[in-house]
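All of these numbers come straight from a predicted model, not from anything done at the bench. Within every chain, numbering begins at 1; the chains are lettered A, B, ... in the order of the sequence lines, protein sequences first and strands thereafter. Atom set for the values below is all heavy atoms of this structure, side chains included, hydrogens, waters and symmetry mates excluded.
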Amino acid sequence: DAGVTQSPTHLIKTRGQHVTLRCSPISGHKSVSWYQQVLGQGPQFIFQYYEKEERGRGNFPDRFSARQFPNYSSELNVNALLLGDSALYLCASSTGQGFEDTQYFGPGTRLTVL
Amino acid sequence: AQKVTQAQTEISVVEKEDVTLDCVYETRDTTYYLFWYKQPPSGELVFLIRRNSFDEQNEISGRYSWNFQKSTSSFNFTITASQVVDSAVYFCALSEARGSQGNLIFGKGTKLSVKP
């Protein structure tokens, strides 16, 4: 069975631009969460979506937004990019939205902002 | 204050040595889950184990074992007879019943290097 997939693998943008990252969950999983991982740190929670609705949000500015589609895939959008947005963006999927659900991660999208 | 502390930033061992990665957590919830993930150089986080707060039994899976002690708020991970393929960054994570939905709280990770 296919795991979580993310696209693109790598992305280079300049300050002020906008970026869209995509994620497809494991088949049968209805929840998608997004994390930001800067070099040398653990992942930081950005959003969780379940059944197309936002169910959780981390401490990130409004420049970050996301949505989930009827097929449970998801997009993360970041506007007005800053140098500090350079990071590995990880998507995770789980069967449910609960704190007990194991999240399975994709390979990530490496975003570089110049 | 950090909720998940992995005090060992980097550990280097020689193949076949045993190694223990420490994880100390902090929560006011009585119901929570703890996780360990492995992140090889490719970047993908690989799930290793999940443990709920009511189950303090130690777990063994092949060369891997986990020691959960609520009294010391620790959930340590031991690799027996380490191998070069174990080289990776290992993360401990906490999920709280009263936390934000879907929010896994990660430690900063421990980078393990296993030399041949």
_Heavy-atom cut-off 4.5 Å, strictly under: side chain, backbone, both or neither for A:Q37 against chain B?_
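Side chain of A:Q37 only, per the 4.5 Å heavy-atom cut-off to chain B.
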Okay, A:Y49 and chain B: the region with an atom under 4.5 Å from a heavy atom over there is neither
| query | What residues of residues 102-114 of chain A sit under 4.5 Å from chain B when only non-hydrogen atoms are counted? | reply |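 Residues A:T102, A:Q103, A:Y104, A:F105, A:G106, A:P107 are the ones that qualify, each having a heavy atom under 4.5 Å from chain B.
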Table please: side-chain donor-acceptor pairs of residues 7-15 of chain A below 3.5 Å, with sequence neighbours left out.
{"from": "A:T14", "atom 1": "OG1", "to": "A:Q17", "atom 2": "OE1", "distance (Å)": "3.3"}

Between A:F99 and the options B:D29, B:N103, B:T31, the side-chain contact (heavy atoms from CB on, under 4.5 Å) test singles out B:T31
So the salt bridge (charged side-chain N to carboxylate O under 4.0 Å, His left out) pairs with at least one residue in residues 57-72 of chain B (sequence neighbours excluded) are B:R51-B:E59, B:R63-B:D86
Check your understanding: What residue, out of B:E96, B:K111, B:R98, has the most heavy-atom pairs lying under 4.5 Å from chain A?
Key ->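 Most heavy-atom pairs within the cutoff with chain A belong to B:E96.
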Residues of residues 38-49 of chain B with a heavy atom under 4.5 Å from any heavy atom of chain A, in residue-number order, are B:Q39, B:S42, B:G43, B:E44, B:L45, B:F47
May I ask whether [X] and [Y] are part of the same hydrophobic cluster, defined by side-chain heavy atoms of I, L, V, M, F, W, Y residues being less than 4.5 angstrom apart, directly or through others?
X      : Y     : answer
B:V89  : A:L90 : yes
B:V114 : B:V85 : no
B:I11  : B:W66 : yes
B:V24  : B:V4  : no
B:Y33  : A:Y50 : no

Is it true that, when you exclude [X] itself, more than 12 heavy atoms of the residues, nucleotides or ligands shown sit nearer than 6.0 Å to its [atom1]?
X     : atom1 : answer
A:L39 : CG    : no
A:N71 : CG    : yes
A:Q6  : CD    : yes
A:K52 : NZ    : yes

### Message
Is B:Y32 in contact with chain A via its backbone, its side chain, both, or neither, using a 4.5 Å heavy-atom distance?
### Response
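For B:Y32, the contact with chain A is made by the backbone alone.
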Do A:P43 and B:F91 make a side-chain contact, defined as non-hydrogen atoms from C-beta onward lying under 4.5 Å apart? yes
